[in-house]
Amino acid sequence: MMNQIASLQDTLKSLRLGETADQISNLLEQAEKNDETYAAFLMNVMSFEQRRREEKKIERHFKWATFPFNKTLEQFDLTEQQSLSKKQFNQLKELLWIEQLYNLILLGPPGVGKTHLAVGLGIKAIYRGYKVIFSSMGELIHTLKTEEITRKSQTRMKRIRNADLVIIDDLMFMAMNQNEANLFFHLINELYNNASIILTSNKAPKEWGELLGDPAITTAILDRIMHRAEIIHLNEDSYRMKHRTSIFE
Ligand code: ADP
Ligand code: MG
């Protein structure tokens, strides 16, 4: 029996049914206990493998996404954010805009929930099977600049180009030089038609030009991003300020 199970595990592994190989003893035991039919047993084994693969895929996508925190849409309080209607929020939640390759531009001053909303949508998208990457603008530029130099950046860029949704947080927080603006433009060009982008920024798009430096590149980037885009202004009083804890009574 032990030998039989060991060789069964080898066979399962060579067929790339690793999850089943790990759990085969339990699955057999359960089948015997429940007196399962052959068909029911086979079905249970196959759906076990399928479910575990799906779970592992989601775990992998979470790891790749590198969210700064794991705040969900359920934790996003709409009553705190009057500038987004319930209906709009629900539409965003449905994620049809990812299917339609729409971009979202989330604007507003610090603390209004731009990053929270972006992360919440990203988490939802992962559970729907999409590949999502979260990157601050600063990190993105660094990764682009070091793509040819380090394996880590190369892998990261591959995942970004492969993603269904790329969240670029705090756009234009830093002024870019010509080379950086060029690299950024090329990336936007590659993502355009292949992925949705969420941009968050505390500056209005018309101010992006000065930070990107080159007006021609700025126009080209804005052109592609705005072609199919929804702009959402989050400009309630800062949630962070309202809910800050004070040392004074
Ligand atoms: P921003 O990116 O706009 O600067 P964040 O998304 O980082 O702001 O939000 C700041 C903090 O306030 C976070 O801890 C976030 O979870 C919380 N927050 C902001 N808006 C909301 C909201 N509408 N509901 C619940 N928490 C919120
Ligand atoms: Mg933020």
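Just follow the structure's listing: the first ligand is 1, and inside any ligand the first atom is 1.
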The Mg ion (ligand 2) to nearest N/O/S of Thr200 below 2.8 Å: no

Check whether Tyr127 forms a cation-pi arrangement with Lys124 (NZ or CZ under 6.0 Å from the six-membered ring centre, at most 45° off the ring normal). no

Evaluate Gly113 for polar contact with ligand 1, using N/O atom pairs at a separation under 3.5 Å. yes

Is there a donor in the side chain of Gln23 and an acceptor in the side chain of Asn26, or the other way round, less than 3.5 Å apart? yes

Gln75 neighbourhood, listing ligand 1 atoms whose heavy-atom distance to it stays under 4.0 Å: 24 (N), 25 (C)

Do Glu230 and Asn103 have side-chain N/O donor and acceptor atoms under 3.5 Å apart? no

Would you say ligand 1 has an N or O under 3.5 Å from any N or O of Leu117? no

Polar side chain donor-acceptor pair, Asp170 to Ser136, under 3.5 angstrom: no

Quick one: which ligand 1 atoms are inside 4.0 Å of a heavy atom on Asp77? 22 (C), 23 (N), 24 (N), 25 (C)

Show every salt bridge (Lys or Arg N to Asp or Glu O under 4.0 Å) that has at least one partner inside residues 219-228, sequence neighbours left out. none

No-hydrogen, no-angle side-chain donor-acceptor test under 3.5 Å, Glu49 and Thr20: yes

Any idea which part of Lys71 is under 4.0 Å from ligand 1, heavy-atom wise: side chain, backbone, both or neither? side chain

Measure the distances from the heavy atoms of Val112 to every atom of ligand 1 and state whether one is below 4.0 angstrom. yes

Heavy-atom contact check, 4.0 Å cutoff: does Pro110 meet ligand 1? yes

